[in-house]
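For ligands, and for the atoms within them, numbers begin at 1 and follow the listed sequence. Since the model is a prediction, treat every value here as computed from it, not as a measurement. Below, all heavy atoms of this structure are taken into account, side chains as well, without hydrogens, waters or symmetry copies.
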Amino acid sequence: MIADINRYLPFAEALRCALDGERPALSWLVPLLTCAEADAPALYRAAEAVRAAHVGDDVHLRGLIEISNYCRRDCAYCGVRRGHEGVVRYRLSPDEIVETAQHIQALGYRTVVMQSGEDMWFTAERMAEVIRRIKATTDLAVTLSLGERDAETYRQWREAGADRYLLRIETTDPALFAALHPDDDLEERKACLYTLRELGFQLGSGVMVGLPGQTPEILAGDVIWLHELGAEMLGVGPFIPHPATPLGDAAGGTVEATLRLVAVLRLVFPYAHLPATTAMGSLHPQGRERALQAGANVLMPNITPPRVRGHYALYPGKVFPGDDAVAARAQIIAHIDAIGRTVSDGHGHVRRVACQEEMKDAHTE
Ligand code: SAM
């Protein structure tokens, strides 16, 4: 697509629209997402001011367990896609998941995030039982990231006590979504998010940055759609090509482009929880710290049992905390401290913001 530059505001005006809480529009999102290197510090500073004013200096830590790398899908970008035969597949048992969650609580985390490929072995009932056992034996908030399932399954998981659900839309551009997902459907993925929202889950979504064929206009369109959805947690990271996938030779995303998106999301969603993602840390040693200094306020340390961790290889170069989870936590807290931030001691539930008008008020408070 050839951009019509007359549609786009100069950087300073675009930033003003964001700070005024204007409804997200291409005219100001695109200039912010593509801003010059010289303008980026002003964008990050603005995002940091909004972050500090609305969600404060706390960083929320979520203990992540990657419970299975079996997947029924064949997403073109993903290292654990069904068609990748080189993957050593693993699935944690319900007992091991519950024990790991209890370990996460003992380490001092207040949220467990359970993520997996779309592994149908975890039926609605099996997973509901895992959730119930975690809720009965810990005080953890429970976040799920288990992909697309039917509404009845989501309902059972919610009734079992799950608090939050993360399901990235990946891209809202129909042609790009179709090219990346040979066995998936954009409207069905959207429908999953609407169902999750309806069921009262705290709702997380997001996209990858630097997908082949993704333009700034597409990314801006994603932001607009996520805003209409009312997402409350926004996870974004650079696309990192995996050599054993159809996109192995693609260029991939950059830390710089992703930081711009993190900052824009903070401006558009003042109260949201924004993780500094593992993909950011995998692309650059300071990637996550830089995201925390561009509007992010969540970290998700990987507490997957070390014996299987390496097999959840979505992309090459994925970073892990050390195998000693106590030392790893201390190190993470030291890093947070070093950038002048604090570690939240609460569950870190999202603050619900009802409508656009409230968002606008939030900006002008
Ligand atoms: N199956 C669940 C789902 O689809 O939501 C959760 C697991 S999925 C592997 C988690 C996320 O990993 C995806 O939403 C995608 O954005 C990200 N991911 C997969 N491959 C990636 C890659 N090559 N580079 C960066 N992120 C990737």
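Taking a cut-off of under 4.0 Å to the non-hydrogen atoms of P238, the atoms of ligand 1 that pass are 24 (N), 25 (C). Which parts of ligand 1 touch S145 is read off a 4.0 Å heavy-atom cut-off, strictly below it: atoms 6 (C). Every atom of ligand 1 with a heavy atom of L167 under 4.0 Å away is listed here by number and element: 5 (O). Interface of Y312 with ligand 1, defined as ligand atoms under 4.0 Å from a residue heavy atom, comprises 7 (C), 9 (C). Shown in contact with S116 at under 4.0 Å from a heavy atom are these atoms of ligand 1, numbered in order with element: 1 (N), 2 (C), 6 (C), 7 (C).
Residue pairs satisfying the side-chain hydrogen bond (donor to acceptor under 3.5 Å, both in side chains) criterion with at least one member in residues 285-306, sequence neighbours excluded, are listed as follows: E66-N302, E66-T304, E256-R290, R266-N297, H273-N297, N302-T304.
R341 has a carboxylate O that lies under 4.0 Å from a charged side-chain N of E48, or vice versa, which qualifies the two as a salt bridge. Using a 4.0 Å cut-off between charged side-chain N and carboxylate O, R155 and E198 make no salt bridge. R7 and E217 are not joined by a salt bridge, as no carboxylate oxygen comes within less than 4.0 angstrom of a charged side-chain nitrogen. Using a 4.0 Å cut-off between charged side-chain N and carboxylate O, R126 and E129 make no salt bridge. Ionic pairing of D57 and R51 is present here: one or more N-O contacts between side-chain nitrogen and carboxylate oxygen are shorter than 4.0 angstrom.
Residue A279 places no N or O, backbone or side chain, under 3.5 Å from any N or O of ligand 1. Checked against a 3.5 angstrom limit, the closest N/O atoms of R168 and ligand 1 fall inside it. Residue contacts with ligand 1: E170 is placed with a nitrogen or oxygen under 3.5 Å of a nitrogen or oxygen of the ligand (distance criterion only).
Protein heavy atom closest to atom 9 (C) of ligand 1, with residue, atom name and distance, is L314 CD2, 3.5 Å. Summary of contacts: the protein heavy atom closest to atom 20 (N) of ligand 1 is Y77 CD1, 3.4 Å. Atom 23 (N) of ligand 1 has I240 O, 2.8 Å as its closest protein atom, hydrogens excluded (heavy atom only).
When the options R189, M208, E118 are ranked by their closest heavy atom to atom 4 (O) of ligand 1, first place goes to R189.
The main-chain N or O of L199 is found under 3.5 Å from a side-chain atom of R158 such that the two form a donor-acceptor pair.
Residue contacts with ligand 1, taken as heavy atom pairs separated by less than 4.0 Å, do not involve E148 at all.
Residues satisfying the salt bridge (Lys or Arg N to Asp or Glu O under 4.0 Å) criterion with R73, sequence neighbours excluded, are E118, E148, D184.
Using a 4.0 Å heavy-atom cutoff, H242 is absent from the residues neighbouring ligand 1.
With ring centers used as reference points, Y109 lies 6.0 Å or more from H60.
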